[in-house]
Amino acid sequence: MQKYDPIKIEEKWQKIWEENQEFKAKKSAKTDKPVQKMFLAEMFPYPSGAGLHVGHVRNFSIVDALTRFYTQQKLDVLRPFGYDTFGLPAENYAIKTGISPEIATKQNIDNFRKQAKRLGFAIDWSREINTSDPKYYKWTQWCFLKLFEKGLAYQKESYQWWCPVDQTVLANEQVENGHCWRCGTEVEKKKMKQWFFKITAYADELLSEIDSLDWPEKIKTAQKNWIGRSEGAEISFEIAEAGGAAGGTPAARNERSGVSTVGETAGDRTRVLPNIKVFTTRPDTIFGATFLVLAPEHPAIVKIVSDDAREKVLEYCKNAIKKSEIERQENKEKTGVFTGTYAINPATGKKIPIWVSDYVLMGYGEGAIMAVPAHDERDFEFANKFELPVIEVIEKPETDEDVDAVSMSSGEKIDGKKICYHGEGKLINSDRFNGIDSSDAREGIINWLEEMKVGKSRVTYKMRDWLISRQRYWGCPIPIAYDKDGNPHAIPEDQLPVIHPEVSDYAPDSTGRSALAKAKDWLKVTIDGEEMTRETDTLDGYACSSWYLWRYVSPDCETAAWDPEEIKYWAPTDIYCGGDHAVAHLLYIRFWCKFFADEGYLPFREPIKKLLYNGYINAPDGKKMSKSKGNVIDPLDVINSGYGADTLRTYELFIGPYNEDAAWSTKAIGGVYRFLTRCFNLTFNPEKTVEAEVNVVIRNKTVKKVTEDMHRAGFNTAVAALMEFVNELYKNGASTEDLTVLAKLLKPFAPHLASEMLEELKADDEWPTWDESALVADTVEVVIQVNGKLRAKLSVAVDELADTDKLTEMALAEENVKKYLNGGEPKKVIIPPKAKLINIVV
RNA sequence: GCCCGAGUGGCGGAAUUGGUAUACGCGUUCGACUUAAAAUCGAAUGGUGAAAACCAUAUGGGUUCAAGUCCCAUCUCGGGCACCA
C-alpha cells in the first residue's frame with residue numbers, strides 16, 4: 001500500500017520541469033496542419049515583501065489550468081511571467097530603511113519566483129520581465145518618446161489631485177471617493193505643470209470597440225461609464241454688459257423678481273469681453289435658459305466680473321478651488337455668487353445673469369453651463385435658492401404622468417404646474433419651435449444656432465487625459481530635459497535608458513520634487529551641444545504595464561521594444577486574467593495598442609481577445625484578508641501543512657465560479673485532498689481492475705464535460721465532474737484506460753500528481769477526445785409528467801425512444817399515471833424531442 | 001440618483017438551449033473496520049408528514065403542456081459612476 005505523499009511527488013516533478021525547461025514556448029515547425037498559437041497571461045504581480053497570497057494563487061492557477069489544457073492539445077503556447085516593480089511601497093521602505101529599492105525589489109522577486117515554482121506553474125521562465133530593470137524601462141522611455149513625438153505626451157498647468165502624505169500627484173483613477181488609493185489620505189488640489197498622455201484622442205474608438213470584445217459585461221460597462229460619451233451642443237453666449245453700469249448688488253437683487261426685469265437693453269461696453277461657451281446635452285431647452293453658471297476655475301471670470309462684485313466673486317472662487325472634493329460633495333446646499341455681468345441668450349435675445357458656482361465643474365464640457373431651471377434639477381435648486389427666473393419650455397406629456405410624478409424632485413408647483421420635468425415633451429415658449437417634440441427639436445435648434453454662428457453640435461467625454469507625472473524617485477524616469485528657457489526636449493534615443501542616479505535619501509525634496517532632484521550631477525545633460533536640466537518627475541506605474549504584454553514576445557530584444565516578427569506570431573494576447581484594474585490598466589493598454597497600431601508597430605488594434613476577471617478570496621469569516629485583522633491564509637503554510645500545491649490549486653479552482661468572490665474554508669480543502677488521494681489510490685493501490693468497456697459511458701461523458709468546461713472557464717464544475725468520475729471508478733473498479741483518461745483530465749488542476757500517474761501508466765499527456773456514440777447507454781430513463789409534475793419514470797431502450805406511439809402507450813400504462821387520468825382520456829400528450837420526457841395533460 | 005451583476009438546502013455551490021431543481025464538496029447522522037480514537041470505506045441527508053401527498057429556487061403577478069431559467073412590478077445585497085449639464 002503506497003501512501004499519497006504530495007510533498008515528495010511535487011518536489012520530483014518540479015525538478016524535472018526545471019531541468020527540461022518544460023514550458024519554454026516553441027513555435028511549431030509543423031506545416032501539415034495550421035497550428036494555433038495561444039498566448040496566455042495573468043496580470044503580473046507587484047512583488048511585495050509578504051510573498052504570494054491566496055489571491056495570486058487563484059489568479060495564477062486559472063491561467064495555469066488553461067495553459068496546460070492548451071499545451072496538452074498541442075497548441076503553440078506562450079505563458080510568460082513578470083513583475084510590476086515600480087511603486088510606492090518599495091520607495092517608502094527605502095525611505096524608512098535606507099535600503100535601495102533595487103535591492104529590496106530583487107529580494108522580493110527572488111521570493112516570488114521561488115514560491116511560484118513551488119506551486120508548479122507552467123511558466124516559460126526564460127521570459128521573465130521586471131519593469132524596473134533598465135533593460136525593460138529603456139523601452140518604456142522609448143514608448144514615451146513616441147507619444148511625445150506625436151504630441152500625445154504633453155505638459156499642461158492645471159489643478160491636480162495631490163496627496164499630502166505620499167507627496168505626489170495622483171491620476172483621477174487613483175482618487176477613490178476623494179481619498180488617495182494607496183494611503184487613504186484626503187487629497188488636495190494643487191496647481192502644477194504636469195505631463196499628460198492624450199488618451200482622449202482615442203475616446204471614440206475606445207468606446208466603440210468595447211462591444212466587440214470578449215470581456216465580462218461589468219468591465220465593459222465600467223469602461224463605458226468611465227469614458228462617458230455625451231452628445232449635445234456647444235453654444236456661445238455673448239456678454240451683454242460689463243459690470244459697472246448695471247451690475248452691483250442692488251441690480252442683482254432686482255433680478256430676483258423674475259422674468260420681467262431681464263431683457264433690458266445692454267449698457268455701454270467699455271471693454272472687449274470674451275464670449276462664454278457652454279456645453280449642453282439639451283439644446284432643445286435653450287429658450288428656457290435663464291442664467292449662466294461658470295465653474296470657479298473658469299478663466300473668463302476675472303475678465304467679465306463687474307467691479308462691484310469682483311472682490312466677492314474672487315473670494316468665492318478662491319475658497320471653492322481650495323476646497324477638497326469631499327467638502328464640495330458634503331455641502332449639498334448650492335452655493336454661488338453673481339458676477340454682476342449679463343450674457344445674451346442667443347435664442348431669445350434676452351439678457352441673463354452670469355453666476356459662479358462650484359456645482360459646475362471646470363474639467364467637463366466648457367466649464368460653463370446654460371442653466372435651465374425648469375428642466376434640470378440642479379439648476380432648479382440653484383434658481384430657487386437665489387430666486388432666479390424659471391421658464392418652462394417643455395410640456396410634460398399627460399400620458400406618462402404617473403411615472404414622472406414620481407421622478408419629480410420635490411413635487412413643488414408653480415401656478416399649479418409641476419416644474420423641473422427633465423423628460424421629453426412638446427416644446428412651448430420656444431418661438432418657432434413650439435409644438436415640436438423635444439427629442440426631434442434638438443437637431444433643428446442646433447442647425448438654427450449654427451446658422452446664427454453661435455453654436456454647433458458637439459460630443460464630450462467624462463474621461464480626461466491621463467496624468468502621468470509622479471514626483472517620486474522609484475518610477476521610470478521621464479526621458480526629457482529642459483533648455484534654459486524651460487522648453488522640454490526629448491532625450492535622444494541613443495542616450496536611453498535614463499537610469500536612476502544613486503542617492504542616499506529617497507524622500508522627495510522640500511519643493512515637492514522627487515529625490516532625483518537631489519542628484520545634482522545627474523540633473524545636467526548635454527543635448528546637441530546645449531546644456532540642459534533633466535526632468536525629475538517619473539512615470540505613473542501604469543505606463544510601465546501598458547506595453548508589457550508585447551515585451552513578453554521578445555523579452556531580450558535589444559533593438560526594439562518588441563520584435564516585429566515575434567509580435568506577429570504571438571500577439572495579441574488570447575487570454576488575460578486578473579482581478580483588479582477594471583478601468584485604469586485595461587483602458588490604458590487599449591489606448592497604447594491603438595496608438596502603436598497607428599504608428600505601424602502593432603498589427604492589431606485591441607491587445608486582449610478574452611479577458612477573465614477573477615473574484616477575490618476572502619477570509620473564512622467572509623471579510624477581506626488583511627494583516628491587521630490577522631485573518632490572512634498563507635498559501636505556503638497550506639502547502640507545507642501536508643496538503644501540497646496540487647490540493648491548494650485544485651481547491652482554489654473548485655471553491656466556486658472563478659469570477660465570483662469566495663470565502664476560504666479550512667474544512668472544504670480537506671475534501672479536495674481526499675479526492676486527490678483517491679486518484680492516487682486508484683492508480684497505485686488498485687483493488688480491482690476491470691475491462692475498459694465497463695466505464696465507457698461515464699468515461700466519455702467526463703471527457704466531454706471537462707473539455708467543454710475548460711472552454712468556458714467552468715473550473716469548479718470540471719473538478720466536480722472529475723470527482724463524479726472517481727466516485728464511479730471506486731464503485732465499479734477502473735481500467736488502465738479509465739485511469740489514463742483521469743490523469744490527463746486532472747493535469748490542468750493537479751499537474752504533479754497527474755504526471756506521477758501518467759508515468760506509472762506509461763502514457764503521454766495528450767488531451768483525450770470523446771466518442772459521442774459512446775455517450776448513449778442502451779437504455780435511458782424517461783420521465784413521465786402529468787400536468788408538468790413528475791409522476792413516474794420509465795426505462796426505455798434507446799431505439800424505442802423515437803417511437804412516440806409506443807412511448808405514449810407505455811406511459812399511459814403506468815399505475816400512477818392511470819390514477820391521475822382517473823379513467824379518462826388525456827387531453828394532450830407532449831413528447832419534446834431530445835428531452836427524454838413525456839408530459840401528459842389531463 | 002443613474003448604470004451593471006446577483007438572490008437556490010445548515011454552508012460553498014450545480015442545473016450551459018424553457019424539459020427530472022438541489023450535481024459536486026463541506027457539515028451532520030447511522031453503520032463497517034479498531035481495545036479506542038484518527039484516518040479510511042459504505043449508507044442517509046431540502047421542508048412538513050406514518051404514508052399518500054403537499055410545499056419549496058428573494059416577494060407578488062403573468063406567458064407556457066412545462067419556468068430557477070422568459071416577461072412585468074417590488075424588495076434585498078454586491079459592484080461601478082456620481083452636481084458630468
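No hydrogens, no waters, no symmetry mates; every other heavy atom, side chains included, goes into these values. Reminder, nothing fancy here: chain letters follow the sequence lines and each chain counts from 1.
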task: Spell out, as yes or no, whether a donor-acceptor pair under 3.5 Å connects the side chain of A:Tyr4 to the backbone of A:Arg678.
output: no
Side-chain donor or acceptor of A:Asp646 paired with backbone N/O of A:Leu753 under 3.5 Å: yes
For [X], side-chain hydrogen bond (donor to acceptor under 3.5 Å, both in side chains) partners two or more places apart:
{"X": "A:Tyr820", "answer": "A:Arg791"}
{"X": "A:Lys704", "answer": "A:Glu772"}
{"X": "A:Lys610", "answer": "A:Asp214"}
{"X": "A:Asp661", "answer": "none"}

- prompt: How are the rings of A:Phe382 and A:Tyr359 set relative to one another: parallel (under 30°), tilted (30 to 60°) or perpendicular (over 60°)?
  reply: tilted
Close N/O contacts between protein and nucleotides 39-44 of chain B (under 3.5 Å):
residue	atom	partner	partner atom	Å
B:rC41	OP1	A:Arg678	NE	2.9
B:rC41	OP1	A:Arg678	NH2	3.4
B:rG42	OP2	A:Arg678	NH2	3.1

Taking only residues two or more places apart in sequence, or in another chain, which ones meet [X] in a ring-ring contact (aromatic ring centres under 6.0 Å, His included)?
{"X": "A:Trp215", "result": "none"}
{"X": "A:Tyr651", "result": "A:Trp664"}
{"X": "A:Phe684", "result": "A:Phe680"}

message: A quick test of your reading: do over 12 heavy atoms of other residues, nucleotides or ligands sit less than 6.0 Å from NZ of A:Lys836?
response: no
Phosphate OP1/OP2 of [N] contacted by [X] side-chain N/O (<4.0 Å):
{"X": "A:Lys819", "N": "B:rA53", "answer": "yes"}
{"X": "A:Ser665", "N": "B:rC11", "answer": "no"}
{"X": "A:Tyr364", "N": "B:rA85", "answer": "yes"}
{"X": "A:Lys220", "N": "B:rG5", "answer": "no"}
{"X": "A:Asn816", "N": "B:rA53", "answer": "yes"}

Using atom names, set out every protein N or O paired with an N or O of nucleotides 60-69 of chain B below 3.5 Å, distance rounded to 0.1 Å.
residue	atom	partner	partner atom	Å
B:rC65	O2'	A:Asn839	ND2	3.2
B:rC65	O2	A:Asn839	ND2	2.7

- prompt: Does anything in residues 713-726 of chain A reach RNA chain B, meaning a heavy atom under 4.0 Å, and if so which residues?
  reply: A:Asn716, A:Thr717, A:Ala720, A:Met723, A:Glu724
At under 4.0 Å between heavy atoms, what does [X] touch on the DNA or RNA strands: base, sugar-phosphate, or nothing?
{"X": "A:Ser357", "answer": "nothing"}
{"X": "A:Glu708", "answer": "nothing"}
{"X": "A:Lys789", "answer": "sugar-phosphate"}

field: Contiguous Watson-Crick or G-U pair runs (3 or more, under 3.5 Å) in RNA chain B
entry: B:1-7 with B:75-81, B:10-12 with B:24-26, B:27-32 with B:40-45, B:46-48 with B:53-55, B:58-62 with B:70-74
Identify each donor-acceptor pair in which a side-chain atom of residues 665-673 of chain A lies under 3.5 Å from a protein atom, sequence neighbours left out, and give them as a table.
residue	atom	partner	partner atom	Å
A:Ser665	OG	A:Lys667	N	3.4
A:Ser665	OG	A:Ala668	N	3.0

